[in-house]
Structure formats: C-alpha cells, structure tokens
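These notes concern the structure reproduced below.
Numbering of residues begins at 1 and proceeds along the displayed sequence. Order of listing sets the numbers, starting from 1, for every ligand and every atom in it.
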Amino acid sequence: MTHADHDLSSILDECAQEAQKLIGQGHVADYIPALARINPDQFGMAVCGVDGTEFTVGQSDTSFSIQSISKVFTLALALQSPGAASVWERVGREPSGNAFNSLVQLESERGLPRNPFINAGAIVVTDVITSHFVSPVLQILSLVRKYANCDDIYIDEEVADSEEESGHRNAAIAHLLKSQGNLVADVDDTLAAYYRQCSIAMTCRDVARAFLPLAAAGQHPLTGQTLMPALRAKRINSLLLTCGLYDGVGNFAYRVGIPAKSGVGGGIAAVIPGHYSICVWSPELDELGNSLAGTRALEVFSHETNLSVF
Ligand code: GLU
C-alpha cells in the first residue's frame, strides 16, 4: 500500500494524536531566555507534495526558531557561491558521533569539522558565505525566502542577541577554527551571521515549502524555478540522512527512515525524495536535542504512509 491509498489528512491527525502523548516528557531548550520561555504544549506539522498539494495539522502556521535547520539553507547557499569549490576541502561528510557543539573532535582532527551540520562545520559553511558576500545575512535570508516562496520570513533579533550573548562555545569553536587555519573572515563577522541564521523564524508550512526543492530533485513545484541541480539535492539529502539529527541520527534512521534536519527550537524538516517535504514542530526535546513529539510524528507518518527511503 502506498500513500496514494491513504487520506493524508487522517494520517496527519493520527501523527498529531500520537505525538501529543509525549508532550510533557521532554525539555525545551533553555540556553537562552527566548527559547526557555516557549510554551512546551505546542505541536504543528505541514506536508508539501511535489505535486503542489499541502496538508497541515495543529499549529502549522505558528512561527518558531529554526535554529540548526538553517544549516541546510546555508549549505545550499555556500554550494552555489563563488566559494563552492572550497566547501568540501574545509568540511567533511561523516557523522560525528559527538555532541553537535563538541570542541574535542575539532581539536583532535586538526580543524576539519566532520560534517556541515555540527556547529563547527556549519560555522565554516557560514564563513564561506561571509567571506564571499558583502551582506551575508541578507544573502541567507533571501535564499530562505526564495525557497519558502515567502517574503515575510524574518530574523528574530531578540533570539539573535541572546545567541550572541550566550554563544561562548560557538565563539570557542570559531576561534579554534581560526587558529587552525579554517576560518577566512573575521571571527566576529562569521559568528554574527551564524547567530542570525539560527534566529530565523518560520512556520511549519514555510519550512516544508522551503524543503520542497530537496524532495523535487532541485525544482520548486510552487514557483517552477530550478533551485539546484538534481545531483546536489540528492547529495544534500544523503547528508541529512547520515548527519542531520545530531548524535541521534542512527536511531532516527532506524525509527523513521527519512532524511531530516532538526533544530533545538523543536523543528524537524524531513524529505521523502520524489514525494514530500515535511516539517514538524514541538518545542520539547529529547536528551540529544531532537524534538520528542516531532520524531514520533514522523515515525507514525512513515509507518502509516509506508514511505521512507528504504
Ligand atoms: N544556536 C544553536 C547553537 O549554535 C543552534 C543549535 C541547534 O539547533 O543545533 O548552539
């Protein structure tokens, strides 16, 4: 049985019901006040089909902080920038098996971050952008708006300021990278851009739409534009599968079987190539930093539709 045999609306209702059962069992991110005070009792999900269809449930139009989901957009931007050729010389493509903000691995591996989705790798990717564009933050925002087909997407400056104030570990990573010769721009400029990309606010509907090009081989079904070559979409999806869920990536692949990227704001963006892009959001996280209810919702979705990459 495939998704075509199902009514996706009723499947989304089931995802929401199953996900709600976990609310109260995780913890919202509390490293900055703007995230710590989020009402944990929230859940939203949006599914966009490559044929242009959309299905939503819950708070799919409530904005949340996309945090590390932004790392997918900056990778897409760096790979089409004048600095593209340097990206894979400066960042690896292997799962890290370490915390997303680890300094130890960076030190022992002499400044070559394992992948673009841990903080060290994402900071290098943002550095590629910062060192090649006069207005890196505007470039990032404009790519996100184009991918989401929405000009209202904004940076939450309160979140960005708190990220900056509490960003000692990211600053340590950036300085370590600089000392190891893997940061080109001024450390503060790269970090400022990094904090702002993390602070982009989007809804589940926006994020799902923005991930459609990864589901549709680089095409955007809503605008008809080609946003990246099909091969690049395939490769980014492969990186999501192997590196997109912090140190919980193996368990997520086992349970859900779909490439995805999570953020500590509680969002998870997922891609079923050739079929759907999905965004689920619920702020409470598990011990590895992935949305607890969101992971469950995606697990139910893949079971009920019989869709995964396997
Ligand atoms: N702003 C967070 C950090 O850099 C992002 C964390 C995340 O979503 O993984 O620590």
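One side chain, T53 or D51, offers a donor N or O that lies under 3.5 Å from an acceptor on the other. Defined by atom type and a distance below 3.5 Å, a donor-acceptor pair is present between the side-chain atoms of T126 and Q197. For the 3.5 Å distance criterion, the side chains of T74 and K71 fail to qualify, holding no donor opposite an acceptor. Side-chain polar atoms of Y194 and N119 form a donor-acceptor pair below 3.5 angstrom. The closest side-chain donor-acceptor pair between E163 and Q67 falls under 3.5 angstrom.
Between S262 and ligand 1, no N or O atom pair is found at a separation short of 3.5 Å. Below 3.5 Å of separation, one finds an N or O of V264 facing an N or O of ligand 1.
Counting atoms of ligand 1 from 1 in the listed order, those under 4.0 Å from a heavy atom of C198 are 1 (N). With ligand atoms numbered from 1 in the order given, ligand 1 contributes 1 (N), 2 (C) to contacts under 4.0 Å with heavy atoms of E163. Every atom of ligand 1 with a heavy atom of G263 under 4.0 Å away is listed here by number and element: 8 (O). Atoms of ligand 1 lying under 4.0 Å from at least one heavy atom of Y246, given by number and element, are 7 (C), 8 (O), 9 (O). For ligand 1, the atoms sitting less than 4.0 Å from at least one non-hydrogen atom of N170 are 3 (C), 4 (O), 10 (O), numbered in the order shown with element in parentheses. Under a 4.0 Å criterion applied to the non-hydrogen atoms of S68, ligand 1 contributes the atoms 5 (C), 6 (C), 7 (C), 8 (O), 9 (O). Within the listing of ligand 1, atoms 3 (C), 4 (O), 10 (O) sit less than 4.0 angstrom from a heavy atom of N119.
In this structure, atom 5 (C) of ligand 1 lies nearest to the protein heavy atom Q67 OE1, 3.1 Å. Among protein heavy atoms, atom 4 (O) of ligand 1 sits closest to Y194 OH, 2.7 Å.
Remark: K261 is not positioned above the aromatic ring of F211, lacking an NZ or CZ atom under 6.0 angstrom from the ring centre and at most 45 degrees off the axis.
Annotation: side chain of R90 is in contact with side chain of D127 (closest heavy-atom distance under 4.5 Å).
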- Test side chain to side chain contact (heavy atoms under 4.5 Å, CB included) on T56 and M45 and set out the steps. CA-CA 6 Å; T56 62; M45 185 168 182; over 6 Å; no

